[in-house]
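Here is how names work: the chains are called A, B, and so on, in the same order as the sequence lines, proteins then strands, and each is numbered from 1. In what follows, every heavy atom counts, from backbone to side chain, and hydrogens, waters and symmetry copies are set aside.
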Protein chains: 2
Amino acid sequence: MLRLSKLTDYATVILSFMAKDETQVYTAMEIAATTGIAMPTVSKILKLLVNAKVLISTRGAKGGYALARAPEKITVANVISALEGPIALTECSISQKGCEQASGCGIRSNWSLINQTIHHALESVTLADMIKPATVKDTVWNQEVMIPVSSLYR
Amino acid sequence: MLRLSKLTDYATVILSFMAKDETQVYTAMEIAATTGIAMPTVSKILKLLVNAKVLISTRGAKGGYALARAPEKITVANVISALEGPIALTECSISQKGCEQASGCGIRSNWSLINQTIHHALESVTLADMIKPATVKDTVWNQEVMIPVSSLYR
DNA sequence: TTATTGTGTACCATTATAGTACTATTTAAT
DNA sequence: ATTAAATAGTACTATAATGGTACACAATAA
């Protein structure tokens, strides 16, 4: 099904909430209460997003989390790789060890092209796009977004 | 990691082997022997590919499997959905049940755009592309393939 | 009629995921 | 200083998904 993990899904919900006021500092508890996601789970996700530098945290009393940069600069690819590690479809796109299929492994380099295409697609959508009303009109999606595949080689 | 299952990976190996002679009928055993994938696993994958109409099978003695159509007409999206069901990133892109996040679910329709983009990317690559030598030169990838996102709404 | 080959379903073991718990660390307020 | 409010990090557990296997059934050619 080519699915994302539930945690990644939650992360987008959390981030889209936080993006409503991009400079405000939210505590994990606030976020849990507003989104309806269980507190420990929220906490786990926030930690991962901090490690990936999508969020910044301040510890101690009056601490909390805030976006590390403007929603326009946070891509879906950022979020996914924060939660799930490198974006790649097949095992051997990440590590090559022990991949010795007897036949037909000129495939690999072609997979990597597909990976890049998808990665590119995911990088072209930002958090700002995601919180726009979905009226399709005047979203970035409506402006003939084109993906020049050759640009992947640069 | 946005990963594909191992079975899907195997499927591409199997199909790229079969595409070498697109009209020949191969038995599951032959395929297992050539690819080095365990026979029962090969069999399972072949069954799924038949159900998805990527392969056709003939039963009985002298039976076996062959491509259902030319490699140019078999897309990566076909293969993935055969093995993993509908291509969609989030649960609620498939079934909507019980998705009542307290806040911020104008997101969903935007996810569906991303889904479509990725689906489109996967449909633009065929089995024929995958078995081409990976020399990048004169692959379809080198011809400024562009994906007009607005076309997704048609 | 028999050997060969695919079909379908059910099952099990292993792994990954989601979720939880707990301890340590940092900072603001008193 | 001390306390309370927060995040950080790590380790653990239960559940679900995945990969892989087994077996009875169906179809076809010789």
Given atom CD1 of A/Ile37 and atom C1' of C/dT20, what is their separation to the nearest angstrom?
16 Å
Counting primed atoms, P, OP1 and OP2 as sugar-phosphate and everything else as base, the B/S/- map of nucleotides 19-30 of chain D against protein heavy atoms under 4.0 Å is BBB----BBBS-
Does any pair with a residue in residues 53-74 of chain A pass side chain to side chain donor-acceptor pair (under 3.5 Å), and if so which ones, sequence neighbours excluded?
A/Arg69-A/Asn78
Find out whether B/Leu83 and B/Leu48 are in side-chain contact, i.e. whether some heavy atom of one side chain is under 4.5 Å from a heavy atom of the other.
yes
Look at the side-chain N and O atoms of A/Asn51 and state whether any lies under 4.0 Å from the OP1 or OP2 oxygen of D/dG9.
yes
Protein-nucleotide distance (A/Ile56, atom CD1; D/dT7, atom C1'), rounded to Å:
13 Å
Quick check for you: to the nearest 0.5 Å, what is the distance between A/Ile45 atom CD1 and A/Leu7 atom CG?
5.0 Å
Against the side chain of A/Ser57, the closest entry in C/dG8, C/dT7, D/dT7 is D/dT7
Within-4.5 Å side-chain heavy-atom neighbours: A/Val76 and A/Glu123:
no
Length of the CD-P vector between A/Glu84 and D/dA17, whole Å:
15 Å
Restricting to non-hydrogen atoms, name the atom on A/Ser16 and the atom on A/Ile131 that form the minimum distance, rounded to 0.1 Å.
CB-CG2, 3.4 Å
Can you tell me how far P of C/dG8 sits from CG of B/Leu49, to the nearest Å?
13 Å
Would you mind reading off the distance between A/Leu83 atom CG and C/dA18 atom C1', rounded to a whole angstrom?
12 Å
Rounding to an integer number of Å, can you tell me how far A/Leu55 CG sits from D/dA6 C1'?
15 Å
Protein-nucleotide distance (B/Tyr65, atom OH; C/dT5, atom C1'), rounded to Å
8 Å
Just the rounded figure in Å: distance from C1' of D/dT18 to CG of B/Leu48.
13 Å
Rounding to 0.5 Å, atoms CZ (A/Phe17) and OG1 (A/Thr34) come to a distance of 3.5 Å
